[in-house]
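Scroll down for the structure; my scribbles are underneath it.
Below, each value reflects all heavy atoms present in this structure, side chains not excepted, and no hydrogens, waters or symmetry copies. A note on names: the letters A, B, ... follow the listed sequences, proteins ahead of strands, and every chain is numbered from 1.
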Amino acid sequence: MIKMTHEKIRTRFAPSPTGFLHIGGARTALFNWLYTRKSGGTFVLRIEDTDQLRSTDESTRAILDAMTWLGLNWDEGPYFQAEQVAIHRDMVQKLIDEGKAYYCTCSPEELNARRKKALAEGRKPKYDGTCRDKGLRRSPDSVVRFRCPEVGVTVIHDLIKGDISFKNEELDDLILERADGYPTYNFAVVVDDARMEITHVIRGDDHVNNTPKQILIYEALGYEVPLFGHVPMILGSDKARLSKRHGATSVIAYQEMGYLPEALVNYLVRLGWSHGDQEIFTIEELIREFSLEAVGKSAAVFNPEKLLWLNQHYITTCPEEKLLELATPFWVKKGFDVSDRQYVAQAAANLRTRSKTLVEMADSGSFYFREEVDYDPEAAAKFLTPEYAGHLEAVAERISGIADYTKDGLEAFLRSLAEERGTKLKWIAQTLRVALTGRTVSPGIDEVMVILGKERVVRKIRRAIDRIQAGG
RNA sequence: GUCCCCAUCGUCUAGUGGCCUAGGACACUGGCCUUUCACGCCGGUAACCGGGGUUCGACUCCCCGUGGGGACGCCA
């Protein structure tokens, strides 16, 4: 309770703007966000755009949009790393002045050749120190390398994985500043995290091997070393790193496929983190219960089926007004008239228990919006026949006389009609189903009739009868 | 190749030395409900990688092996 300001937690999410927000990145951002919200800290967004060739504004935009969609709001930023080059250069100079870094003129080609040779000979392909003690000065194509300690051990006290130690001799004299004057990732990330006073660095565990080098740089610069938490990777069904081969990996793609952000967040958080046997979490619960200690240490396989299940859960349980908002755009995209909100809301409510995604809902509910029924050939061949035409005629004739035009009233009407006509409800229901929806699969036919309303029902039945009389 | 990490049902996981003849969830599956399809309800199949220790007692601790992942860029 004392020194609150000093203990305030500051985290960051630092994507590089070279593509869309990836599922894995989204989970990392989510863990950072939850950890920060739980502790009342500050969540910083920083765009790592020091790679001038690959960074694009479109990617930055896309990443911001995806985070917003997921509800991962940030408190500071976005900061752009490339805007800090002057500071990065000062820091590099400081290291050179102190003898902690040196200029190197080995060409990329040479380095590549040496790397290949080392690998072929079974050695670790680290920089061989050619320029380390040459005392070179800056030149047009020189780079700056870190003078890495050759003895000693560097240990990471990881919040998720526990202590991890590395022998410094295994580490490399990594490049700090490129020939183009821009800092490399491992240097820029240290300077920026330190300057932004990041207290907890939560990131993917593919960064574990970079961490000892970064710790050494923090120390060389005289900065305080933050706490680290490395979250395990997300794998595809073949246990290989998740990639496009395994299906959609972009967060926005899931939005387009009709997933709810709540579902994706809930799925992602349970991939690696757990809280007893609980599967469904509200955001409030997550903020309350989340902890890095409960994050597992092993990589997790991405399972689209479970995501689908969660999506269905959120579709079936969200409030009706919310559902209307969610579903409408997908029908708009199909070119349907959605001006009657009441009608759209009823259609969506009617379809929610049988839709795993909003796209599925929009597809299976198209009949609600199409005047012309799009008959499934097989279904029409089986039910839109002279044999069943009488059922349709009867319904069309009697429908205006149905006083209790509700689900129950219609069910009673159809049952008595079946009895009257000496058949089973099943045959009348299926025939009606094909006439009204074009398919043999649909929501309960009485519900469909209620939502469609008498006029539409009669029009569709007339059309079906015409079709039968025309001989299919 | 070297270094680092990991290892419970097909998948996500619970489990922190005895409560485990290992629990939940997804998927799969049998049944019920039923105007089709879903939903819902009831039930089922399915796992502690292998070998050594430590201990009265190991899924839980230690070691080795095996398997998987990651890193080894003037990418991040």
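Under 4.0 Å is where a charged nitrogen must lie from a carboxylate oxygen, and between Glu169(A) and Lys167(A) no such pair does.
Looking at heavy-atom distances under 4.0 Å, Ser298(A) makes contact with sugar-phosphate atoms alone, never a base. Residue contacts for Ala300(A): at a heavy-atom cut-off of 4.0 Å it reaches the sugar-phosphate backbone alone, with no base atom in range. Within the 4.0 angstrom heavy-atom criterion, base atoms lie near Ile445(A). In this structure, Glu305(A) reaches the sugar-phosphate backbone alone: every heavy-atom distance under 4.0 Å involves primed, P, OP1 or OP2 atoms, never a base. Residue Pro15(A) is out of contact with every strand shown, counting any heavy-atom pair closer than 4.0 Å. Heavy atoms of Asp446(A) sit under 4.0 angstrom from at least one base atom. In this structure, Ser165(A) reaches the sugar-phosphate backbone alone: every heavy-atom distance under 4.0 Å involves primed, P, OP1 or OP2 atoms, never a base. Across all strands, Thr50(A) comes closer than 4.0 Å only to sugar-phosphate atoms, never to a base (heavy-atom distances). The residue Gly204(A) sits apart from the nucleic acid: no heavy atom pair falls under 4.0 Å.
Of the candidate nucleotides rU11(B), rC5(B), rU35(B), rU35(B) has the atom nearest to the side chain of Lys407(A). When distances run from any side-chain atom of Asp51(A) to the nucleotides rC12(B), rA76(B), rA14(B), the shortest one goes to rA76(B). The side chain of Glu170(A) sits closest to rU2(B) out of rG24(B), rU2(B), rC74(B). Of the candidates rC39(B), rU35(B), rC4(B), rU35(B) carries the atom nearest the Arg415(A) side chain, counting heavy atoms from C-beta on. Closest to the side chain of Phe166(A), from the set rC26(B), rU35(B), rC3(B), is rC3(B). Here the nucleotide nearest the side chain of Ser16(A), chosen from rC74(B), rU36(B), rA76(B), is rA76(B). Closest to the side chain of Thr184(A), out of rC4(B), rC3(B), rC74(B), is rC74(B).
Contact annotation: Ser274(A) side-chain N/O to rA14(B) OP1/OP2 distance is under 4.0 Å. For rC37(B), neither phosphate oxygen OP1 nor OP2 lies less than 4.0 angstrom from any side-chain nitrogen or oxygen of Thr440(A).
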Stepwise side-chain contact (heavy atoms from CB on, under 4.5 Å) test for Leu307(A) and Tyr254(A): CA-CA 10 Å; Leu307(A) 205 208; Tyr254(A) 282 88; 3.5 Å; yes
Take Asp206(A) and Arg241(A), measure what salt bridge (charged side-chain N to carboxylate O under 4.0 Å, His left out) needs, and give me the verdict at the end. CA-CA 11 Å; Asp206(A) 49 339; Arg241(A) 194 186 187 126; 3.0 Å; yes
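Note on ring orientation: taking the six-membered ring where Trp is involved, the planes of Phe228(A) and His230(A) are parallel (angle under 30°, cut-offs 30° and 60°). Aromatic ring pairs are classed by plane angle as parallel below 30°, tilted from 30° to 60° and perpendicular above 60°; the pair Trp273(A) and Phe290(A) is tilted.
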Where do N or O atoms of nucleotides 70-72 of chain B meet protein N or O atoms at under 3.5 Å, pair by pair?
unit_1: rG70(B); atom_1: O3'; unit_2: Arg241(A); atom_2: NH1; d: 3.3
unit_1: rG70(B); atom_1: N2; unit_2: Asn209(A); atom_2: OD1; d: 3.3
unit_1: rG70(B); atom_1: N2; unit_2: Asn209(A); atom_2: ND2; d: 3.2
unit_1: rA71(B); atom_1: OP1; unit_2: Arg241(A); atom_2: NH1; d: 2.9
unit_1: rA71(B); atom_1: O4'; unit_2: Asn209(A); atom_2: ND2; d: 3.3

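With hydrogens and angles ignored, no donor-acceptor pair under 3.5 angstrom links the side chain of Arg354(A) to the base of rC39(B).
Checked by atom type and distance alone, the side chain of Ser366(A) pairs as donor or acceptor with a backbone atom of Asp363(A) at under 3.5 Å. Judged by distance alone, the side chain of Arg27(A) and the main-chain N or O of Leu271(A) form a donor-acceptor pair under 3.5 Å.
In this structure rA25(B) sits in a base pair with rU11(B), meeting the Watson-Crick or G-U test at under 3.5 Å. Using the Watson-Crick or G-U wobble rule with both distances under 3.5 Å, rU55(B) pairs with nothing in any strand shown. Nucleotide rU35(B): unpaired (no Watson-Crick or G-U wobble partner with both distances less than 3.5 Å).
Rounded to whole Å, the distance from CG on Asn303(A) to P on rC9(B) is 14 Å. Atom-to-atom, OH of Tyr388(A) to P of rU35(B) comes out at 16 Å; the value is rounded to the nearest Å.
The salt bridge (Lys or Arg N to Asp or Glu O under 4.0 Å) test with Asp446(A) singles out one residue from Arg415(A), Arg433(A), Lys407(A), and that residue is Lys407(A).
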